[in-house]
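Note on naming: letters A, B, ... go to the chains in the order of the sequence lines (proteins, then strands), and numbering restarts at 1 for each one.
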Protein chains: 2
Amino acid sequence: MPKTIAVPDSALASALRLSVVRLNRRLRAQRADNSVTLTQLAALSTLKTHGPLTPGELAAHEKVQPPSMTRVLAALEERGLIVRRPHPTDGRQALVELTPVGRDLLAREVRMREAWLSRRLTELTAEEREVLRAASAVIDKLVSS
Amino acid sequence: MPKTIAVPDSALASALRLSVVRLNRRLRAQRADNSVTLTQLAALSTLKTHGPLTPGELAAHEKVQPPSMTRVLAALEERGLIVRRPHPTDGRQALVELTPVGRDLLAREVRMREAWLSRRLTELTAEEREVLRAASAVIDKLVSS
DNA sequence: TATTGTTATACTCTATAACTATA
DNA sequence: TATAGTTATAGAGTATAACAATA
């Protein structure tokens, strides 16, 4: 049995909820003028990781509804960060992919965003970072289920 | 040295960012009609944990700007979930506290909210839950710094 | 008729700037 | 003059409902 820390089992859901809400606020605030929003950045990251995807696939990945993804893609397309290419076999769909400009911007954004979070991460102990690393994977599993 | 999992150290910030954004979306969506919003719920939780606080203290706790907290409090006050009492020594400030109605609603909300998250938590292994429990504390430290 | 995606609309969340009241 | 809080305003994030195009 793993050792028990401060939070009893019954309160894990509540504690995790509060922690995630607050961290999310901080992450959203961490944005320079003219940079992409956190939501847009997440979509770019997913495209980089998975390669070209249809809008529907992207929405499913990000766990948002299709109209929400439509707006994100419109903003990214307007800035030339993505392009839509015709789907080879289905005229209703399109394949969204990063442009070279989008790829460059993503790399720069990630570096910038990490300024705040990485600095705080370095203030943690190696064990604490390990906890977050493991938690990230567990959260992904949680969200996907 | 703790064992290394999938994510290399340089990418921890990015991975954590994506995970938190997605979990936050899910948590926000997890809201029944007529229930309080996730932000309002967080404020109620903080009041329950810390007792009466001024609006400024509440904003600092939640890491939001004062005007954001003003709106949250206005919504909660309108529903009779909190009251403002005059500050004993400073006429500019007020002390915000939970009403009995607010306390009851908080308890009910927490149970309802946990329906989604707790169900998923039970699908995890004990070790995975332990990781999240520890991560919640680490995230709180991160956000407070 | 079913599926993919978009448009229209609305509500939540949050911030900055300007203002009011009290210290 | 400084501080606590509110009002005004705006932009980001997201959803549901209704629609258009294609399968």
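Checking the phosphate oxygens (OP1, OP2) of dG13(D), a side-chain nitrogen or oxygen of T37(A) falls inside 4.0 Å. Distances shown here put a side-chain N or O of R28(B) below 4.0 Å from the OP1 or OP2 atom of dC13(C). Remark: R84(B) is in phosphate contact with dT6(D), judged by side-chain N or O atoms under 4.0 Å from OP1 or OP2.
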Determine, for nucleotides 15-23 of chain C in 5'-to-3' order, which nucleotides have protein heavy atoms under 4.0 Å from the base (write B), from only the sugar-phosphate (write S), or from neither (write -). BBB---BBS
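Taking R111(A) as the reference, nothing meets the side chain to side chain donor-acceptor pair (under 3.5 Å) condition, with sequence neighbours excluded. Residues that satisfy the side chain to side chain donor-acceptor pair (under 3.5 Å) test with D90(B), not counting sequence neighbours, are R92(B), Q93(B). For K63(A), there are no side chain to side chain donor-acceptor pair (under 3.5 Å) partners, not counting sequence neighbours.
Taking atom CD of residue Q30(A) and atom P of nucleotide dA12(D), one finds them 16 Å apart after rounding to whole Å. In this entry the distance linking CG of L53(B) with C1' of dG5(D) reads 15 Å, nearest Å. For E57(A) and dT4(C), the CD to P distance is 10 Å, given to the nearest whole Å. In this structure, the CD atom of Q93(A) is 6 Å from the P atom of dT4(C), given to the nearest Å. For the pair R26(A) CZ and dA12(D) C1', the interatomic distance rounds to 19 Å; values are reported in whole Å. Computed from coordinates, the R22(B) CZ to dT14(D) P distance equals 12 Å when rounded to whole Å. Regarding L73(A), its CG atom lies at a distance of 10 Å from the P atom of dG5(C), rounded to whole Å. Atom pair H87(B):NE2 and dA4(D):P shows a separation of 10 Å (rounding to whole Å applied).
Among residues at least two apart or in separate chains, ring pair (Phe, Tyr, Trp, His ring centres under 6.0 Å) pairs with a member in residues 32-72 of chain B are H50(B)-H61(B).
Heavy atoms of A74(A) sit nowhere under 4.0 angstrom from any nucleic acid atom.
Take the nearest nucleotide of DNA chain C for T70(A) and for V21(A): the residue whose nucleotide is more 5' is T70(A).
Using a cutoff of 4.0 Å between basic side-chain nitrogens and carboxylate oxygens, E97(B) and R84(B) are not scored as salt-bridged.
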S136(B) vs R133(B), test: side chain to side chain donor-acceptor pair (under 3.5 Å). Steps then yes/no. CA-CA 5 Å; S136(B) 177; R133(B) 197 187 325 282; over 6 Å; no
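Contact record, A13(A) with S118(B): CB-OG, 3.8 Å, taken as the closest heavy-atom pair.
Applying a 4.0 Å cut-off to non-hydrogen atoms, none of the residues of residues 38-46 of chain A approaches DNA chain C.
A donor-acceptor pair under 3.5 Å is absent between the side-chain atoms of R31(B) and the main chain of L38(B), judged by distance alone.
Both I139(B) and W116(A) belong to a single network of hydrophobic side chains, linked directly or stepwise wherever heavy atoms of I, L, V, M, F, W or Y lie under 4.5 Å apart.
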